[in-house]
Amino acid sequence: MTPEQLKASILQYAVEGKLVKQDPNDEPASELLKRIENEKAELIREGKIKKSKKLPAISNDEEPFDIPDSWEWIRLGNICEPIRYGFTSSAKDNGISKLVRITDIQNNNVNWNNVPFCDVPKVKLKDLQLKTNDILIARTGGTVGKSFVVKNISEVAVFASYLIRIRLIDNELIDFVKYFLDSPYYWQMISLKQSGTGQPNVNATKLSEILIPIPPIEEQKRIVAKIEKLMPLVDEYAESYNRLQKIDNEFEDKLKQSVLQYAMEGKLVKQNPSDEPASELIKKIENEKAELVKEGKIKKSKKLPAITDDEKPFDIPDSWEWVRLKQITTYGNFNSIKGSSIPDNSWVVDMKDVRKNGGGFSEIVRRKSTDIYKSNKYSFNKNAVLYGKLRPYLRKVEIAQTSGFTTTEMLPINVVDLSTLVPQYLRYAMLSPYFVNLVNDSMYGMKMPRVGTTFLAKMVVPLPPLEEQKRIVEKVEELQSSISNLSK
C-alpha cells in the first residue's frame with residue numbers, strides 16, 4: 001500500500017464512522033444540524049447573509065454508504081453561507097487588498113509575501129474579504145476541487161475568480177470538514193459533479209449539492225484527534241516506503257553493475273591455466289593492425305604511452321593484461337560521411353534508438369534518404385561497439401547487428417580481429433562501473449558534457465585470454481537474465 005493509499009483509507013474510514021467508536025452519550029448530529037439551521041435563519045433575518053435557493057431533499061438512493069445512527073447526511077450548502085465566487089482583477093504591485101490565486105496555494109499553505117495586490121471596490125470588499133476558517137476551493141483546471149482552509153490571516157485579502165469560498169455557519173465543524181474535503185468520497189463526488197473536458201470545472205450549485213456525513217460534535221473532535229495522531233505515522237511510513245522504493249528501483253541496475261565489476265576484476269569465472277595468455281593476444285592484435293595500416297585500411301597512429309601502476313584501478317589475474325582502448329581496436333579511424341550521401345533504406349542509428357544501461361536497441365530504423373539529417377554521420381560495420389560519448393548517454397553501449405550509420409555523438413569502435421577480442425566483452429567493459437566512473441571524471445563542457453576522444457583512446461581496459469572472454473560473456477548474460485527475472 002502506498003502512503004497516499006494509506007492516507008486515503010484513513011480519511012475514508014473517518015467519514016464512514018469507522019475510525020473511532022461511537023459514544024451513546026454524545027448528543028446526536030441531528031441536534032447539531034437543528035442549531036445550524038436556526039443560526040442560518042437568524043443570519044438571514046438580520047440581513048447578514050442572503051437567503052439561498054432551497055436544496056433538494058436527500059433520498060435514500062443518494063446515500064453512498066451507511067453511517068452510524070447518531071450521524072446525519074446533509075448537503076454541504078445547508079451548513080454554510082451562500083457559496084461565493086471570487087473577484088476578477090489584474091494583479092498589482094500595490095493596492096487595497098491582497099488577491100489570493102490558485103497558484104498562491106502551495107502545499108496547503110499561502111506565502112502572503114508573494115501574493116499580489118488588487119483594487120477592489122469597498123462596496124464589494126465586505127462580502128469578498130477572507131476570514132479565518134474560510135474554505136477556498138479551486139473551481140477549474142487541473143486542480144479543480146482542491147481545497148484550502150484559511151488560517152491565521154493577517155492581511156486584508158480577497159480571492160480570485162477561479163476560486164470558490166465556502167464559509168461554514170458553525171466553525172466547530174471546520175476541522176472535520178477539512179478532512180472530509182481530502183477524503184476519497186469527496187473526490188469521487190467532485191469527479192461526478194465536474195463538467196468540461198479540456199478545462200474541467202465545478203460550480204457553486206454542484207458544490208452545494210454534495211452530501212456530507214455529519215457526526216456528533218464530540219465524535220468529530222475524537223475523529224480529528226485520531227487523524228492528527230495517525231498522519232505523522234503516515235509520514236514516517238512514507239519515508240520508509242520511499243526509501244524502499246528507491247532501493248527496489250535501483251536493485252536491478254546495481255546488481256548488474258556489481259556483476260560487471262566482478263567480471264572486469266577476473267572474479268566472475270575461474271581462470272584456466274591452459275588458456276593462451278592475454279600477452280599473446282596483444283602481439284596478434286599489433287601484427288593485425290600493422291597489416292591493416294600497410295593495406296591502407298586504417299591510419300597509422302602515434303605510439304601510446306605505457307600504462308603506469310597508478311593508472312590501474314584494481315588488480316587483475318596474472319594471465320590478463322592492462323591495455324589501452326585504442327591499442328586493441330581501430331579506435332580513431334572514424335569514417336565520416338555526409339548525411340546526404342547515405343544510401344536510401346540504410347540503418348541510421350540516432351541516440352534515442354539506443355536504450356540506456358545496455359538495454360539494447362529500442363528499434364532498428366531503416367530510414368529513407370529524405371528522412372536522414374544532413375549532418376555528417378559515422379559509418380560502422382557489423383560487430384562494431386557503438387559508444388555514446390555524451391554524459392546522459394555514457395551507458396548507451398551496443399553491438400552493431402549489421403553495418404550502418406550513426407550520429408557523430410556515438411563512436412563506432414571496431415575490433416581488429418574477432419579471434420583476439422570478443423566485441424561483447426569490450427561492450428561489458430565499457431558498461432562497467434570502473435569505466436563509467438573514470439570517463440565521468442574526465443568530462444568537459446557545461447551544457448552537454450562529453451568525453452574527449454583523446455582521453456577515451458587512452459582508457460585502460462583489462463584484457464583476459466580469449467577463451468576466458470567467452471566464458472565471462474556467457475556468465476554475465478546468464479546472470480543478467482536471472483537478475484532481470486528476479487527484479488520482475
Side-chain angles (χ1 to χ4, degrees), residues 260-269 271-273 275-334 383-387 389 394 397 411-444 449-473:
L260 291 181
Q261 188 61 32
Y262 262 59
M264 294 306 107
E265 293 178 14
K267 298 174 181 177
L268 196 64
V269 299
Q271 282 72 53
N272 187 339
D275 290 341
E276 182 182 57
S279 56
E280 294 301 314
L281 296 183
I282 294 172
K283 293 176 185 176
K284 291 178 181 178
I285 292 171
E286 288 174 348
N287 292 335
E288 182 64 26
K289 285 184 79 171
E291 189 63 31
L292 291 173
V293 170
K294 195 183 300 181
E295 295 172 1
K297 293 180 178 178
I298 63 172
K299 295 177 182 177
K300 185 176 182 179
S301 53
K302 292 181 180 178
K303 189 175 181 180
L304 292 164
I307 298 172
T308 64
D309 288 339
D310 289 342
E311 289 182 275
K312 299 171 184 177
F314 44 81
D315 293 332
I316 54 175
D318 293 338
S319 57
W320 293 33
E321 294 289 339
W322 281 106
V323 292
R324 298 197 186 277
L325 181 64
K326 191 172 182 178
Q327 185 181 352
I328 56 171
T329 67
T330 63
Y331 182 90
N333 288 271
F334 305 127
N383 292 318
V385 179
L386 305 180
Y387 181 80
K389 66 178 183 179
L394 283 183
V397 189
L411 303 177
I413 302 168
N414 291 298
V415 169
V416 176
D417 188 343
L418 294 178
S419 67
T420 53
L421 180 60
V422 178
Q424 194 63 272
Y425 171 81
L426 181 59
R427 171 177 174 267
Y428 286 138
M430 299 178 82
L431 281 169
S432 66
Y434 98 87
F435 196 99
V436 173
N437 292 337
L438 285 175
V439 169
N440 254 324
D441 290 343
S442 76
M443 303 295 276
Y444 69 92
R450 64 190 62 222
V451 61
T453 51
T454 301
F455 177 88
L456 201 58
K458 295 177 182 178
M459 267 295 293
V460 292
V461 178
L463 182 68
L466 181 65
E467 293 306 314
E468 189 169 349
Q469 292 178 41
K470 295 175 183 178
R471 294 196 298 274
I472 288 171
V473 168

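Reckoned from all heavy atoms, side chains included, excluding hydrogens, waters and symmetry mates. Remember, predicted model here, so these are calculated numbers, not experimental data.
- Listed by chain and residue number, nothing satisfies the side chain to side chain donor-acceptor pair (under 3.5 Å) test with Glu286 (two or more places apart in sequence, or in another chain).
- Side chains of Trp320 and Glu468: a donor-acceptor N/O pair is present below 3.5 angstrom, by distance only.
- The CG atom of Leu325 lies 9.0 Å from the OH atom of Tyr387; values are rounded to the nearest 0.5 Å.
- Put simply, the side chain of Lys458 never gets that close to the backbone of Lys326: no donor and acceptor are under 3.5 Å apart.
- For the pair Tyr331/Arg324, no side-chain contact is recorded, criterion being any heavy-atom separation below 4.5 Å from C-beta on.
- If you take CD1 on Ile298 and CG on Leu292, they are separated by 5.0 Å, rounding to the nearest 0.5 Å.
- In this structure, Leu456 and Val439 have side chains that are in contact, with non-hydrogen atoms separated by less than 4.5 Å.
- Counting heavy atoms from C-beta on, the side chains of Glu265 and Tyr434 never come closer than 4.5 Å.
- With contacts defined as side-chain heavy-atom distances shorter than 4.5 Å, the pair Pro464/Ile472 qualifies.
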Evaluation steps, side chain to side chain contact (heavy atoms under 4.5 Å, CB included), between Thr330 and Val416: CA-CA 6 Å; Thr330 63; Val416 176; 4.1 Å; yes
Intermediate values then yes/no, side chain to side chain contact (heavy atoms under 4.5 Å, CB included), Leu426 and Val397: CA-CA 10 Å; Leu426 181 59; Val397 189; over 6 Å; no
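- Two residues are said to be in side-chain contact when any heavy atoms from C-beta on lie closer than 4.5 Å; Gln261 and Phe435 fail this criterion.
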Check against side chain to side chain contact (heavy atoms under 4.5 Å, CB included), Met443 and Asn440: CA-CA 5 Å; Met443 303 295 276; Asn440 254 324; 4.1 Å; yes
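- Contact of the Thr420 side chain with the Glu288 side chain is not registered, since no non-hydrogen atoms from C-beta on lie closer than 4.5 Å.
- More than 12 heavy atoms of other residues, nucleotides or ligands sit less than 6.0 Å from atom NZ of Lys312.
- Here the side chains of Glu321 and Gln327 are not in contact, with every heavy-atom distance at 4.5 Å or above.
- The closest side-chain heavy-atom distance from Glu276 to Leu466 is not below 4.5 Å.
- Checked by atom type, the side-chain pair Thr308/Asp310 shows no donor-acceptor distance below 3.5 Å.
- Here the straight-line distance linking atom OG of Ser432 with atom CG of Leu438 works out to 9.0 Å at 0.5 Å rounding.
- To the nearest 0.5 Å, atoms CG (Asn287) and CD (Glu291) are separated by 9.0 Å.
- Residues meeting the side chain to side chain donor-acceptor pair (under 3.5 Å) test with Gln469, sequence neighbours left out: none.
- The neighbour count for Asn272 CG, taken as heavy atoms of other residues, nucleotides or ligands under 6.0 Å away, is above 12.
- The structure places CD1 of Ile282 at 12.0 Å from NZ of Lys284, a figure rounded to the nearest 0.5 Å.
- Scanning both residues, Asn333 and Lys299, for their nearest heavy atoms gives OD1-N, 2.8 Å.
- For the atom pair Gln424 CD and Asn383 CG, the distance stands at 9.5 Å (nearest 0.5 Å).
- Taking all atoms of both residues into account, the shortest heavy-atom contact from Val473 to Tyr425 is CG2-N, 3.5 Å.
- Residue-environment remark: CG (Asp441) exceeds the threshold of 12 foreign heavy atoms within 6.0 Å.
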Full working for side chain to side chain contact (heavy atoms under 4.5 Å, CB included) between Leu421 and Leu463: CA-CA 8 Å; Leu421 180 60; Leu463 182 68; 3.8 Å; yes
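- Of all non-hydrogen atoms in Pro465 and Pro277, the two that sit nearest each other are CG-CA, 4.3 Å.
- Contact detail for Pro423 and Val385: the closest heavy-atom pair is O-CG2, 3.9 Å.
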